[in-house]
Asker: 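I have a structure here, written as structure tokens, and I will follow up with some questions on it.
What you see below is based on every heavy atom in this structure, not just the backbone, and it leaves out hydrogens, waters and symmetry mates. Numbered from 1 within each chain, the chains take letters A, B, ... in sequence-line order. The shown structure was predicted, so the numbers you read here are calculated from the model rather than taken from an experiment.
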Amino acid sequence: MKKMKLYIDNNEVEVMEGTTILEAAQGLNITIPTLCHHEDLCIAGNCRVCVVEVEGSEMLSAACATPVSTGMRIKTNSLKVRDSRRTIIDMLLSEHAGECVTCQRSGNCELQTLAVLYGSPDNHLMDISIKTEPDRSSSSIIKDDSKCIKCQRCVRTCQEIQKIGALTMSGKGEHAKVSTFFELPLNTVVCTNCGQCVIRCPTGALVERTYIDEVWDVIGNSDVHTVVQTAPAVRVGLGEALGHDAGGRFTGQMVSALRKLGFDAVFDTNFTADLTIIEEGSELLNRLTNVIKGSGEALLPMFTSCSPGWIKFIEHQFPHLLGHLSTCKSPQQMFGALAKTRWSEKAQIEPEKISSISIMPCTAKKFEAARPEMNDSGYRDVDYVLTTRELAKMIKQAGIDFDKLDESECDSLLGKHSGAAVIFGATGGVMEAAIRTVYELVTGRPVPFENLNITAVRGMEGIREATLRIEGTVEKYNFLEGVELKVAVAHGLKNANAIMELVSQGSAPWHFVEVMACPGGCLSGGGQPIPTSPEIREARARAIYEEDESLPIRKSHENPEITRIYEEFLTDGPCGHKSHHLLHTHYTPRR
Amino acid sequence: MTRERISKMQEKVNLIFSECDSMELLEQALKVEPQQILKMLLTSSLRGRGGAGFLTSLKWKFASEADGNRKFVVANADEGEPGTFKDREILDKVPCKVLAGMAICAHTIGAREGYIYLRGEYNYMKKSLQQKLDEFNDKIKNMLDFTISIKSGSGAYVCGEETALIESMEGKRGEPRNKPPYPVTEGYLGFPTVVNNVETLVYVAMIMKHGAAHFASLGTEKSKGAKVFSVSGDTPIPGIYELEMGMNLAEFVELFGDGDTKAVQVGGASGFCVPRRKFAETIIGFEGIPTGGSMMLFNSSRSMYNVLHNYLEFFCEESCGQCTPCRVGCQQLRNGIEAVKQRKLPPSHLDVLSKMTRTMKIASKCGLGQSVPNSFNSIVTSFKEEIIY
Amino acid sequence: MSISLSVKTAIEESGNSRENLMSVLQIIRSDLGTLSPAILTEVADQMGLSRADVYGTATFYSFLETTPVGKYSIRICRSISCDMKNKNAVREALENHLFIKKGETTKDGMFTLTETNCLGHCHEGPVMLVNDEIHTELTPDSAVKIIEEIRIREGVDE
Ligand SMILES: Cc1cc2nc3c(=O)[nH]c(=O)nc-3n(C[C@H](O)[C@H](O)[C@H](O)COP(=O)(O)O)c2cc1C
Ligand code: SF4
Ligand code: SF4
Ligand code: SF4
Ligand code: SF4
């Protein structure tokens, strides 16, 4: 690769061949506004907001899409550039049915930001926007075409990152728009509700379906007992939505805030994450036993089942492999079922008077909570799901000065957790947590890794594999002596797809596979603060692993409330009758 | 009288539709070294006849130098520019010359696969063209490792733009790509690809036959050679004419006008409208108005508002819709002139629009959006009253 | 032929990689008519593409209709040259004859009347395509006659 010297706004810079003008400018700390550009996606070059002047050419060039060449002289702030930039933004606004005062994205909308900074004080273009009814069919996502500026980030996200292709551009010219197959409602197509498009949409055209008002209603209703759970990734994301840099941890403040908001019992999804490890670990051992001893039918590899985007993906795309899914419900749903049984019993509150609310980094969880499968206690496991963003908004609405809050701890019974549960929020976390427990169950010894950190399954590589040789087994598991446990971790559904193709062909070597629908895992779920980028995901992941190391208990099976629940409530043990009834489920194919 | 004159002018050129044994021509041409062919094309100064006017020698040179396990030659027969119908005629009358041109290109750049991208509107030609192709492929088997097939369009003007065309050939929406990379290095399926207009390819064949000097002797200094014109509108003799480049519009109107010509639209909807008072000073060619060959004449009975509105409607529909300046700009222009006409907006709104077209011209992603301002500004400048009242 | 079989045949004829999608859609459009949801689902599933992607591709092209169309698509050229040669009169004659407006399909599902951009016969306008057949230098009467002849061929009387 050659190095190339060029000049941007009269500053000399040397970059590698193939660098774009935009990247070269970033190296000089020169900001060029962009809109369709997104670090995670291929280059589209269609919004034209980033146009710059290249000396010698009458035409402007899109900085995001134009590779540099030697000796190029670029102006990013000339009269010509400013004029076009402004005109383009005015044009976008003219086709955008903006309703900033009511829009969910107001305050964090890229179009709004550009409009304020670069738009005309009075836009003389005609209003050519078309107000249409948003698609509210999905329990997770609202699609409002009248706010769409056709940057195609969502289409690229769904196609490139998720390989789902639920969204497409349809029509051409003035009729070009973002569509599902034949404009079918979102809830009837292959959309997994992962919300990756939502966190990459620059405007309010794709947003989560919000349940803030419903939650305020139950909080304000003295006849209703509100039980809240928060997922591990929320605590490392929440800060960003409240003005902090990515990577901060706010567990204690978050718990205090939830109490201040008026939730009656503040618990932690991490508790059921620990429980998931016990249940899923046992299921894995059962499957291994069956396969290795030949004592019964069992499908391997077993897949994790805590990511509802992943579940819907497999229901649509690989229905014939549903049997590989662990039957465990996700931690959210396990929690919901327990809130209306165990907590109801303990607190002596009728389950119908309990409203179970979860705070999730995820949009798909909203859909999951509404699944007909999720009613095993006789009541809906989880009544309302809010995203991290919605929680931040509620905190602001309540006038809580988040930064000044003291740290506090969750209520007990469903609140204690281990570090193993926390790492559920990062890709590879479930796998690591499971190995910490399963290995110890099987050998009686902790995993042979420094400080319990199983780094082989960590990181941001799309698919990661690890092999663990099992030695020195306890008697019950001596059939596993010498077995090489093969595991894989995938995040982002495109990578999941690659794994599934192998499983489909029968050439997958693994025993256990963790899949998270979102790249990076839940820490960059569709319900997390916007924006997302590789750096932000890294920062959140770091925070998650720090949180793990900061906790006194690092393994799920050492969580005392877990021990207690098997003694007092799930008395027939992991994967026993009661846990099967409440904590496990089955899924069915979808077209 | 004028008919005779036109006939004479056509006879002087007579390259495209002339009788010629394409196989014999090809046999001779394939004996020439690729380097030599590139040199000949350079000497001939042949520029692409599809509208953009890129030097054919240069395009082929880039493609011949590009690395690729596969290379492609594509004949652009998407001919969607309103007022252009010469490629259809060429494919109908002298298909073998087009194929010969493609084969010469293949030989020059090292391509083994060729495609004709035939617009869906010309489906009725497909069968006979396919027949010609099969014969041709069969005949050249022993001369050159090269096979040509047809890919059809399905009604999208923008697919004439070479990168949109390639997207369409790849089975996708015809949204133009970012350039660079250009098709000569990364084209169809990512491989080096030469996209040439049908007419260009025939001229290549004719240059190989008659020599570069002959071709270069036609036309003017800046616009060498000849060109096939599609003449329509208010003319007693609409049709297809191969004429030398570099004629001025006054001469043209004298030959083709109905005596009452008030304006000529040169280059179709994406070209320029020239009013009568500018006929004498306007040269048809690269020194004046370059054109893909569409010449539409309007007499004084025509409303230029209708003409412009028709074009803008066309662009609103036929823009691919991906980039902001073009997608929004076209609608602003159409809705804008409607609003001015209906007195919903003051005439000064035309100035707002004209200012907006500056951005369309320099910031649109492809030639479509970049050239919409041509007809808008040229018509509005010369016929403002007709637009307003 | 069932949809599934027709799609299979078209794919066999064209090839099943992405670059053959246009060809597949073109064949099916001409054999089966409208590219309905059922058809595009089949195409997507058999070619291993996302359904939305196939839909998005089809809707880019005005000849690959995804909304119901008649057995015969009448496309009148709307370009300025044909407009100047009074294509509106031709369109109106057809509208009156078929009892439909531009953009609509006759009740019997036989004809859809639309306008389309330049058909490339500007010197012999007004022109129209009826499916893949071109008709030039139309008058209102000749256009109606062309339609009537099709009706006779189809053995349909009014
Ligand atoms: C909107 C648009 C439509 C075009 N349509 C055609 C066309 O129909 N035929 C054509 O040969 N070139 C067309 N072109 C030009 C092509 O992009 C390309 O320059 C040409 O095919 C190259 O061939 P040439 O060098 O032989 O002219 C079009 C360009 C644009 C921007
Ligand atoms: S998307 Fe942005 S600009 Fe549009 S209404 Fe919402 S906040 Fe305003
Ligand atoms: S939520 Fe996920 S699957 Fe659904 S459209 Fe968005 S990116 Fe695609
Ligand atoms: S929905 Fe959002 S991401 Fe998708 S094209 Fe519209 S503005 Fe862009
Ligand atoms: S200029 Fe028009 S046709 Fe070209 S890419 Fe932009 S929107 Fe598409």
Side-chain angles (χ1 to χ4, degrees), chain A residues 44 46 135 138 141 143 145 148 150 152 154-192 194 197 206 312-313 316-320 493-494 497-498 500-501 504-505 589-591, chain C residues 2-4 7 16-22 24-26 28-29 32-69 73 75 77-80 102-105 112 114-118:
Chain A
N46 60 31
D135 177 354
S138 150
I141 292 165
K143 174 170 173 279
D145 293 339
C148 172
K150 287 127 194 158
Q152 305 195 21
C154 54
V155 175
R156 284 177 282 151
T157 300
C158 197
Q159 189 63 255
E160 291 167 22
I161 298 184
Q162 302 297 58
K163 215 173 177 216
I164 299 293
L167 299 176
T168 181
M169 288 307 290
S170 75
K172 68 167 180 287
E174 60 182 322
H175 303 297
K177 71 181 287 289
V178 173
S179 299
T180 55
F181 183 63
F182 278 88
E183 305 294 347
L184 290 172
L186 256 187
N187 69 335
T188 63
V189 299
V190 291
C191 169
T192 66
C194 70
C197 52
L206 283 167
K312 191 152 183 276
F313 163 86
H316 281 291
Q317 316 281 345
F318 294 91
H320 60 292
L493 292 172
K494 178 179 156 211
N497 193 81
M500 296 308 271
E501 289 293 348
S504 220
Q505 293 158 18
R590 292 175 196 262
R591 271 283 278 174
Chain C
S2 72
I3 288 179
S4 150
V7 169
N16 81 349
S17 43
R18 176 63 193 246
E19 63 266 26
N20 307 116
L21 178 60
M22 288 283 288
V24 170
L25 295 176
Q26 284 157 353
I28 296 170
R29 168 68 184 82
L32 300 185
T34 310
L35 299 172
S36 64
I39 291 174
L40 291 192
T41 300
E42 200 60 43
V43 171
D45 292 359
Q46 288 196 27
M47 294 185 79
L49 298 169
S50 110
R51 293 172 196 174
D53 193 0
V54 172
Y55 171 74
T57 306
T59 55
F60 190 85
Y61 297 96
S62 56
F63 286 16
L64 298 176
E65 293 94 338
T66 54
T67 47
V69 286
S73 286
R75 304 173 206 272
C77 178
R78 63 165 293 282
S79 275
I80 190 70
K102 163 175 97 170
E104 295 174 350
T105 300
T112 300
T114 53
E115 288 191 352
T116 190
N117 286 317
C118 191

Asker: So which of A/Thr168, A/Val190, A/Val155 has the biggest tally of heavy-atom pairs under 4.5 Å with chain C?
Answerer: A/Thr168
Asker: For residues 172-186 of chain A, pull every pair meeting salt bridge (Lys or Arg N to Asp or Glu O under 4.0 Å), keeping only residues two or more places apart or in separate chains.
Answerer: A/Asp145-A/Lys177, A/Lys172-B/Glu318, A/Glu174-B/Arg334, A/Lys177-A/Glu183
Asker: If you measure from the Lys or Arg side-chain nitrogens to the Asp or Glu carboxylate oxygens, is any gap between C/Glu65 and C/Arg29 under 4.0 Å?
Answerer: yes
Asker: Which bit of A/Gln159 comes within less than 4.5 Å of chain C, counting heavy atoms only: side chain, backbone, both or neither?
Answerer: side chain
Asker: Is chain A contacted by the side chain of C/Thr67, its backbone, both, or neither, given a heavy-atom distance below 4.5 Å?
Answerer: neither
Asker: Does C/Arg75 make a cation-pi contact with C/Phe63, if we ask for NZ or CZ under 6.0 Å from the ring centre and within 45° of the axis?
Answerer: yes
Asker: Test side-chain hydrogen bond (donor to acceptor under 3.5 Å, both in side chains) on A/His320 and A/Ser504; report intermediate values, then the result.
Answerer: CA-CA 9 Å; A/His320 60 292; A/Ser504 220; 2.9 Å; yes
Asker: Which residues pass the ring-ring contact (aromatic ring centres under 6.0 Å, His included) test with A/Phe313, not counting sequence neighbours?
Answerer: A/Trp310, A/Phe318
Asker: Pick one of side chain, backbone, both or neither for C/Leu40, based on which atoms fall under 4.5 Å of a heavy atom in chain A.
Answerer: both
Asker: At a heavy-atom separation under 4.5 Å, does A/Leu167 approach chain C through its side chain, its backbone, both, or neither?
Answerer: backbone
Asker: Please look at C/Leu35 and chain A and tell me whether the side chain, the backbone, both or neither of the residue comes under 4.5 angstrom of a heavy atom of that chain.
Answerer: backbone
